[in-house]
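One structure below.
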Amino acid sequence: MYSVLMLVDVHFLSLDYTLFFSSTLIGSLNSDVLRLITDPKIFTLLGSQYRMALLSNAYVMVYLANLKLFNASTCIAETPRFQYATYTSPKYKDTGKDSLKLQLINQRSDFSFALFTNGFLNPKMVAVSNTVSFSNPNAPVYPRLAQGKQWNETSGYGIDEAEPFVEWGTKGERQQRSPAVTLTFERNSMCGAPARTVGWRDPGYINTSFLKDLLPNRMYTYKLEHRLFDNTYIWNGEYQFRASPFPGYNPDLQFPEVETCILQDEADGSNEYNNFQSGSLNTTKQLIKDLKNINIIFHIGDICYANGYISQWDQFTARIEPIASAVPYMLASGNHERDWHGTGSLYENNDYGGECSVLAETMFFVPVENKAKYWYSTDYGMFRFCILDSEHDWREGTEQYEFIEHCLASVDRRRQPWLIFLAHRILGYSSDLSYAIQGSFGETMAKESLQKLWQKYKVDIAIYGHAHNYKRTCPIYENQCTADEKRYYKGSLKGTIHVVAGEGGTSLSPFTTLNTKWSLYRVYDYEFVKLTAFNHSNLLFEYKKSSDGKVHDFFRIFRDYRDILACTVDSCPSTTPSILKIVQFAYWYCLGSPA
């Protein structure tokens, strides 16, 4: 049995900073002490005494830049994380005392803390902390596994400074080393602002290593390492993972998970420029809690809503490290990674802050021949996943349409009976208000182009993101339910079940008030969904709320291989003689064949 988890958007932080400060306003500024409490093994701290002022609307910001370059007109864009001075002490304006707890991750840069007043319209910096440095800011960090015999990690070392590699093997046996390919990108790779202006930040180097000849379903350990040219080594902890099983193999339960929106919120309670992602903390927490029961994760678009602020990708990869370092973390492309005018997107919107999809394509690996064509298939045990790039043209006659048909047609359903279709935008059925206003229940032309493929190749479940809510349909074809059952399906579905699981953390979106027969279940809450294959004949689908990790909706499919072979409407080639031939036969039979 295997389980799959599906996602859309999350983020992590690692080390705590506690800031204690006090001030007494008696007609003038007073000398205060800003004390930073942290782990001395990891950080080097320099100095501590600075002047502060107790003024109204005060807040502390975490800076990734030299505060001498502070510019009031751009500070919010450059430094999105902050806490108000009253965050933990509502009486701060009366007592002049407060304590704030902030978390930092290694972003290959020094940090400073600053105290501002006058709010955001006219900010004034009245105090700044000492510089905070990681002991080795260039160490390799945040490994990310992916199907396709490949790994990703991020480091600060360039190819002229170090040789990156992964040391891996089974415990107790000789370890081997696989070299890594190093990539990065520059400011001029971005399409526009803010990614190319105030949102730009050097991404460091992304190292990708291919681990080959893995024994299926075997546990392996690994370390990210760099050999410096002075023959010293830098490495970052030890991780472990289980290699994927052979396609069709059933060693145990299989748990794929699907999430369509794990965004990135601040675990320390900070505000940030895109401050609508609070649900992501609970989603990430639940995934980590259940990680031993997850084999692979699919995060199907709108990855972290960085929207052109490059440092947010560091925050996101740090956040998901406990997950992505242990199980394959697979992506799909969403509008917040790809859409920009004049860049070949099917939708001519400026949704992603000028990133040009460069961040998603470089920071994460997916098994594609060309990363600009972000559609692919991947197998895990009894599952076949066909992942469509909804931001590129998928209509009939396009290259992507041909790929999707090949992905669906080429699977051996005797070995991999569970066929799953994934895409970010809703190409099937949705009850989201935004689609209803447009006069549709999904993307225009989508069902017309794709539903005949879903029906012909008997796709079991299609899962989408984009709409920030949860919705499940009956098995459906051409707007008609093909089964009356709602939870326990036996035999052929005769259609495809469509699921919108688009709320892993960002702001929720409302449903239409229109009632449709095919909409069985809808929820306005944060969530993720999980698929569990018990064997070749038994599949469980679960919808779990991020707030408690409990199941709030489910269905099961019970069937044999013969049920997949069974013909339904438009799923098998026609073998019935045409009406014309039947009429001709009847005419000849009655009157005799013409000479």
Side-chain angles (χ1 to χ4, degrees), residues 9-14 61-66 69 71 74-82 103-112 134 137-142 144 152-158 182-208 262-266 270-275 277 280 299 301-321 324 331 333-340 343 350-365 371 374 506:
D9 295 270
V10 196
H11 137 144
F12 249 150
L13 299 168
S14 59
M61 273 196 174
V62 181
Y63 245 86
L64 270 169
N66 186 341
L69 302 179
N71 183 323
T74 61
C75 73
I76 303 306
E78 292 174 346
T79 59
R81 291 187 53 220
F82 67 94
Q103 288 184 300
L104 303 180
I105 66 166
N106 186 350
Q107 293 186 265
R108 307 165 306 282
S109 178
D110 294 340
F111 289 85
S112 293
F134 278 78
N138 291 331
V141 289
Y142 320 138
R144 302 177 289 282
N152 283 11
E153 56 164 298
T154 301
S155 81
Y157 288 109
T182 300
L183 297 174
T184 189
F185 51 89
E186 299 177 348
R187 187 192 297 259
N188 60 11
S189 299
M190 304 293 99
C191 285
R196 203 163 186 164
T197 56
V198 297
W200 169 255
R201 195 164 176 281
D202 190 320
Y205 296 89
I206 297 88
N207 302 304
T208 302
I262 306 186
L263 304 173
Q264 79 115 26
D265 195 30
E266 305 298 335
S270 296
N271 293 276
E272 42 93 21
Y273 83 99
N274 214 7
N275 198 42
Q277 307 170 9
S280 64
H299 188 154
D302 287 3
I303 308 305
C304 67
Y305 275 76
N307 290 344
Y309 291 88
I310 310 303
S311 65
Q312 298 300 294
W313 283 89
D314 279 329
Q315 298 283 354
F316 175 73
T317 53
R319 183 189 192 104
I320 65 168
E321 179 185 21
L331 302 190
S333 182
N335 54 297
H336 283 277
E337 286 77 57
R338 183 65 184 83
D339 288 2
W340 193 263
T343 61
N350 287 354
D351 282 348
Y352 63 89
E355 292 180 12
C356 291
S357 200
V358 171
L359 275 298
E361 293 172 4
T362 308
M363 300 286 284
F364 287 82
F365 172 82
K371 287 192 174 185
Y374 218 69
T506 190

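Remember, predicted model here, so these are calculated numbers, not experimental data. All values below were derived from every heavy atom in this structure, side-chain atoms included, with hydrogens, water molecules and symmetry-related copies excluded.
One distance of note links OH of Tyr309 with CZ of Arg201; it measures 14.5 Å at 0.5 Å rounding. Note that CG of Leu183 and CD of Glu361 are 11.5 Å apart. Values are rounded to the nearest 0.5 Å. Atoms CZ and CG, on Phe134 and Asp110 in that order, are 10.0 Å from each other to the nearest 0.5 Å.
Checked by atom type and distance alone, the side chain of Arg144 pairs as donor or acceptor with a backbone atom of Met363 at under 3.5 Å. In this structure, Thr184 contributes its side chain and Gly204 its backbone to a donor-acceptor pair below 3.5 Å.
Closest heavy-atom contact between Ile206 and Thr362: CG2-O, 3.4 Å. Counting all heavy atoms, side chain and backbone alike, Gln107 lies closest to Phe111 at OE1-CZ, 3.9 Å. Heavy atoms only, all atoms of each residue included: Tyr142 and Asp314 are closest at CE1-O, 4.3 Å. When all heavy atoms of Ile303 and Phe316 are compared, the closest pair comes out as CG2-CE2, 3.4 Å. Of all heavy-atom pairs spanning Trp313 and Ala306, the tightest one is NE1-CB, 3.3 Å.
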Show me the donor-acceptor pairs, under 3.5 Å and distance only, between side chains in residues 185-194 and residues at least two apart or in other chains.
unit_1: Arg187; atom_1: NH1; unit_2: Arg196; atom_2: O; d: 3.1
unit_1: Arg187; atom_1: NH1; unit_2: Thr197; atom_2: O; d: 3.4
unit_1: Ser189; atom_1: OG; unit_2: Glu186; atom_2: O; d: 3.3

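Looking at Asp202, Val358, Leu359 one by one, the single match for side-chain contact (heavy atoms from CB on, under 4.5 Å) with Ile310 turns out to be Leu359.
The shortest distance between side-chain heavy atoms of Tyr374 and Glu337 does not fall below 4.5 Å.
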